[in-house]
Amino acid sequence: MPKKFYITTPVYYVNDVPHIGHTYTTVAADVLARWHRALGEETFFLTGTDEHGAKIETKAREMKIAPRKYADEISTKFKQAWRELNISHDNFLRTTDPAHVKAVQNALQQMYDKGDIYLGKYEGLYCRGCEQYKSERDLADGLCPDHLLAPEKMSEECYTFRLSKYQDKLLKLIKNNKLKILPVNRKNEIVNFIEDQGLEDVSFSRKNVGWGIPIPWDKAHTIYVWADAFLNYLTGLGWDGTNAPTPLSKGGAGGLKFWPPTAQLMSKDILRVHATIWQAMLLSLGLPLSRTLFVHGYFLVDGQKMSKSLGNVIAPDELVKKYGVDASRYLLMSATVFGRDGDIGWKKFDEKYNADLANGLGNLVSRVANLVEKNKLELKLSGFARSGVARKIGSDKKLIKAYRESMENFKFDQALKLLWQKLRDSDEILSDKKPWKLEDKKAVKKILAPVAQNILNAAGLLEPFMPEVSQKIINQFSAKQIAKGEPLFPRI
RNA sequence: CGCGGGGUAGAGCAGUUGGCAGCUCGCCAGGCCCAUAACCUGGAGGUCGGGGGUUCAAAUCCCCCCCCCGCAACCA
């Protein structure tokens with residue numbers, strides 16, 4: 001039975017159009033999904049949009065359209081962005097999808113029946129203008145920024161999840177890496193948090209939010225957005241919320257064939273809830289926990305936090321328009337160390353595009369293809385003619401091993417550096433041996449064949465990052481008679 | 001004493017199971033002239049934030065201090 005690989009991005013909240021941060025997570029997930037498919041593993045890649053909640057309700061009201069319509073519009077933008085970026089997700093889950101809604105209700109009913117959800121109280125600061133609770137962070141000088149009112153302390157009844165019940169179990173599972181949290185400093189952060197502050201029960205429903213999934217046993221309440229959102233990782237596989245835990249023991253029926261997720265990617269702001277509430281929900285439902293939560297950092301744009309007010313937000317379509325699909329993917333993945341904050345910006349992207357893609361990969365491909373074509377050589381290259389895994393990833397075992405190791409550790413920048421080292425080696429060989437000076441075709445061939453082979457091997461391993469360019473190069477260099485062709489990356 | 005990240009060549013960054021300090025861009029000199037005015041070689045440029053300690057050996061481990069930046073759960 002082939003190995004299974006299930007990877008997720010968060011469902012993106014539709015309070016905003018896609019930006020480079022969403023794009024980063026999604027491209028990274030896509031790179032991993034493509035790589036594991038190339039390895040012959042059975043792979044499922046899930047992404048989607050999170051569409052319920054008070055914020056969306058308010059936003060739609062401001063725009064004088066129905067929440068549903070608003071969510072449709074933004075969700076479509078995410079879909080378009082991922083199509084443009086050649087994202088190979090197997091499902092795009094919307095939390096407004098009727099099947100998801102039903103499954104969430106079923107799941108909460110299970111948790112309620114088990115006694116893990118009870119009627120409790122929520123206390124918070126309520127703004128009468130907004131008719132909403134506000135967090136302290138929403139306030140400016142203690143006032144609601146929209147209405148300039150001081151919010152009042154209010155409380156209301158709400159259904160509450162017994163998160164505290166699972167604290168010790170969770171802590172143990174995190175500590176012994178049954179639930180892996182990477183990079184390791186993030187794990188430490190969560191362990192410290194749980195040990196220092198402990199886990200309190202959290203509210204799972206609201207009374208005054210209409211745009212949400214009704215609590216099945218009490219329709220006056222709607223399900224709080226994150227309980228709704230987390231379950232996408234299950235419903236995105238086709239789970240209906242009723243049949244856990246038995247399906248697993250019976251070979252993975254009920255849509256849970258891919259469960260549990262091999263890797264869940266996210267940015268650091270949502271790690272805490274993923275490592276606690278989400279995993280506790282799984283414990284409550286009797287399902288295995290995620291294997292790995294991988295937390296990547298934020299992009300800073302020219303040293304500053306990306307924000308609307310600074311006007312430095314980069315959108316995916318801007319990126320694609322300027323550099324093309326594959327180059328955009330490359331720039332995102334090579335820009336910083338995955339797992340840390342990193343500084344990006346147009347200037348940096350331009351530089352990297354020219355250095356690595358135009359002058360590096362693109363130029364080398366032209367250079368070699370041209371030399372082969374001029375000499376009318378027929379190179380018999382290997383690596384993509386055979387069957388099986390090697391057909392997709394080439395024949396350079398040493399390179400594959402190192403690359404594989406980098407990918408397993410989410411070190412995308414390192415994986416790419418390995419490939420680029422091969423390219424640089426090839427340029428060096430050419431400058432050194434000067435095949436363009438030689439008359440003897442056999443001698444020329446002897447020089448060019450290994451160089452072309454290097455390119456072909458690198459191209460195979462490049463597929464997860466640059467699927468189209470990879471295919472182009474493979475086609476070009478697998479041809480009986482290699483021809484020069486158009487530049488892959490025109491200089492900027 | 002809230003938690004965490006960062007401070008390495010002019011700029012941007014890699015490098016922590018300790019072992020001659022590296023990459024990209026820029027600058028200087030040379031080579032090549034096949035290739036997208038691309039490519040290759042060499043050079044200048046660093047007390048690896050500061051101080052102390054461990055060690056034959058520290059950017060890397062330990063302690064103290066300074067500076068910058070995130071996060072601090074009902075906010076997805």
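Predicted model only: the values in this text are computed from it and were never measured. Within every chain, numbering begins at 1; the chains are lettered A, B, ... in the order of the sequence lines, protein sequences first and strands thereafter.
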| message | For B:rG42, give the paired nucleotide (Watson-Crick: N1-N3 plus N6-O4 or O6-N4; G-U: N1-O2 and O6-N3; both under 3.5 Å), or none. | response | B:rC28
| query | Counting distance only, does the side-chain N/O of A:E57 pair as donor-acceptor with the main-chain N or O of A:G210 below 3.5 Å? | reply | yes
| task | Starting from P on B:rG4, measure out to CD on A:E195 and report it in whole angstrom. | result | 12 Å
| Rounded to whole angstrom units, what separation is found between the CD1 atom of A:I492 and the P atom of B:rC25? | 15 Å
| Base, sugar-phosphate, or nothing for A:G198, non-hydrogen atoms under 4.0 angstrom? | base
| said: At a heavy-atom distance below 4.0 Å, what parts of residues 353-375 of chain A sit against RNA chain B? | reply: A:A355, A:A358, A:N359, A:G362, A:N363, A:S366, A:R367, A:N370, A:L371, A:K374
| task | Taking atom P in both B:rA29 and B:rC71, compute the distance separating them and give it to the nearest angstrom. | result | 47 Å
| query | Under a 3.5 Å cut-off for both distances, is B:rG2 Watson-Crick or wobble paired, and to whom? | reply | B:rC71
| message | Output the rounded distance in Å from CZ (A:R424) to P (B:rA35). | response | 22 Å
| Is A:F193 touching bases, backbone alone, or none of the nucleic acid, heavy atoms closer than 4.0 Å? | base
Atom pairs and distances, side-chain donor-acceptor, residues 438-451 of chain A, under 3.5 Å, sequence neighbours left out:
{"residue": "A:D440", "atom": "OD1", "partner": "A:K442", "partner atom": "N", "Å": "3.1"}
{"residue": "A:K441", "atom": "NZ", "partner": "A:N375", "partner atom": "O", "Å": "3.2"}
{"residue": "A:K445", "atom": "NZ", "partner": "A:E378", "partner atom": "O", "Å": "3.2"}

| remark: Rounded to the nearest 0.5 angstrom, the CG-CD distance for A:L199 and A:Q167 is 4.5 Å
| task | For B:rU60 versus B:rC20, give the span between their P atoms, rounded off to a whole number of Å. | result | 14 Å
| Do the side chain of A:Y403 and the main chain of A:L416 share a donor and acceptor less than 3.5 angstrom apart? | no
| request: Nearest-nucleotide wise, let me know which of A:Q197 and A:E189 is further upstream toward the 5' end of RNA chain B. | output: A:E189
| task | Using atom CH2 of A:W420 as one end and atom P of B:rC39 as the other, report the distance to the nearest whole Å. | result | 14 Å
| field | Whole-angstrom distance between B:rG2 and B:rA58, as gauged at atom C1' | value | 31 Å
| said: Students often get this wrong, so: under 4.0 angstrom with heavy atoms, is A:D201 touching a base, only sugar-phosphate, or nothing? | reply: base
| task | For B:rC25 and B:rG50, measure between their P atoms and round to the nearest Å. | result | 28 Å
| query | Reckon A:K433 has a side-chain N or O less than 4.0 Å from the OP1 or OP2 of B:rC34? | reply | no
| query | Does any N or O in the side chain of A:N354 come within less than 3.5 Å of the main-chain N or O of A:I492, such that one atom is a donor and the other an acceptor? | reply | yes
| said: Counting only side-chain heavy atoms from C-beta out, which of B:rA73, B:rA76, B:rA38 sits nearest to A:L199? | reply: B:rA73
| Applying the ring-ring contact (aromatic ring centres under 6.0 Å, His included) test to A:Y159, which of A:F204, A:W217, A:Y118 qualifies? | A:W217
| Where the side chain of A:K434 is defined as all heavy atoms beyond and including C-beta, which of B:rC74, B:rC32, B:rA73 is the nearest nucleotide? | B:rC32
| OP1 or OP2 of B:rA38 under 4.0 Å from side-chain N/O of A:R491 | yes
| Between A:I429 (CD1) and B:rU41 (C1'), how many Å, whole number? | 15 Å
| A:E351 side chain, from C-beta outward: closest of B:rA76, B:rG4, B:rC25 | B:rC25
| request: Using only side-chain N and O atoms of A:W436, determine if any of them is under 4.0 Å from OP1 or OP2 of B:rC33. | output: yes
| said: Tell me if a side-chain donor or acceptor on A:K165 pairs with a main-chain N or O of A:R162 at a distance below 3.5 Å. | reply: no
| B:rC61 versus B:rG18 - spacing of their P atoms, nearest Å | 9 Å
| If you look only at pairs with a residue in residues 354-365 of chain A, which of them pass as a salt bridge (Lys or Arg N to Asp or Glu O under 4.0 Å), with sequence neighbours excluded? | A:K352-A:D356
| task | Searching all strands shown, indicate the nucleotide that pairs with B:rU54 (Watson-Crick or G-U wobble; both distances under 3.5 Å). | result | none
Donor-acceptor list for residues 361-370 of chain A side chains, cut-off 3.5 Å, not counting sequence neighbours:
{"residue": "A:S366", "atom": "OG", "partner": "A:G362", "partner atom": "O", "Å": "3.2"}
{"residue": "A:R367", "atom": "NH1", "partner": "A:D427", "partner atom": "OD1", "Å": "2.6"}

| said: Is the phosphate of B:rG5 approached by A:Y298 (side-chain N or O, under 4.0 Å from OP1 or OP2)? | reply: no
| query | In whole Å, what separates the C1' atom of B:rU16 from that of B:rC28? | reply | 35 Å
| note | Pairing partner of B:rG12, by Watson-Crick or G-U wobble and under 3.5 Å for both distances, is B:rC23
| message | Parallel, tilted or perpendicular: which one describes the rings of A:F410 and A:F412, with boundaries at 30° and 60°? | response | perpendicular
| query | Distance between the C1' atoms of B:rC64 and B:rC27, in whole angstroms? | reply | 40 Å
| said: Tell me if a side-chain donor or acceptor on A:K180 pairs with a main-chain N or O of A:L293 at a distance below 3.5 Å. | reply: no
| remark: note: A:N188, atom CG; B:rG2, atom P; distance rounded to Å ~ 19 Å
| Can you list every salt bridge (Lys or Arg N to Asp or Glu O under 4.0 Å) pair that touches residues 403-425 of chain A, not counting sequence neighbours? | A:D396-A:K422, A:R404-A:E408
Polar-atom pairs under 3.5 Å, protein N or O versus N or O of nucleotides 12-20 of chain B: list them with distances, or write none.
{"residue": "B:rG12", "atom": "O2'", "partner": "A:K348", "partner atom": "NZ", "Å": "3.2"}
{"residue": "B:rG15", "atom": "OP2", "partner": "A:R340", "partner atom": "NH2", "Å": "3.2"}

| Any idea which of B:rC32, B:rC74, B:rA35 is nearest the A:K484 side chain? | B:rA35
| field | Gap between atoms NZ and P, on A:K352 and B:rG26 respectively (whole Å) | value | 13 Å
| field | Side chain of A:K268 (C-beta onward), nearest among B:rC33, B:rG4, B:rG70 | value | B:rG70
| said: Just the rounded figure in Å: distance from P of B:rA35 to CG of A:L488. | reply: 16 Å
| Given the P atoms of B:rA38 and B:rG26, what is the spacing between them in whole Å? | 8 Å
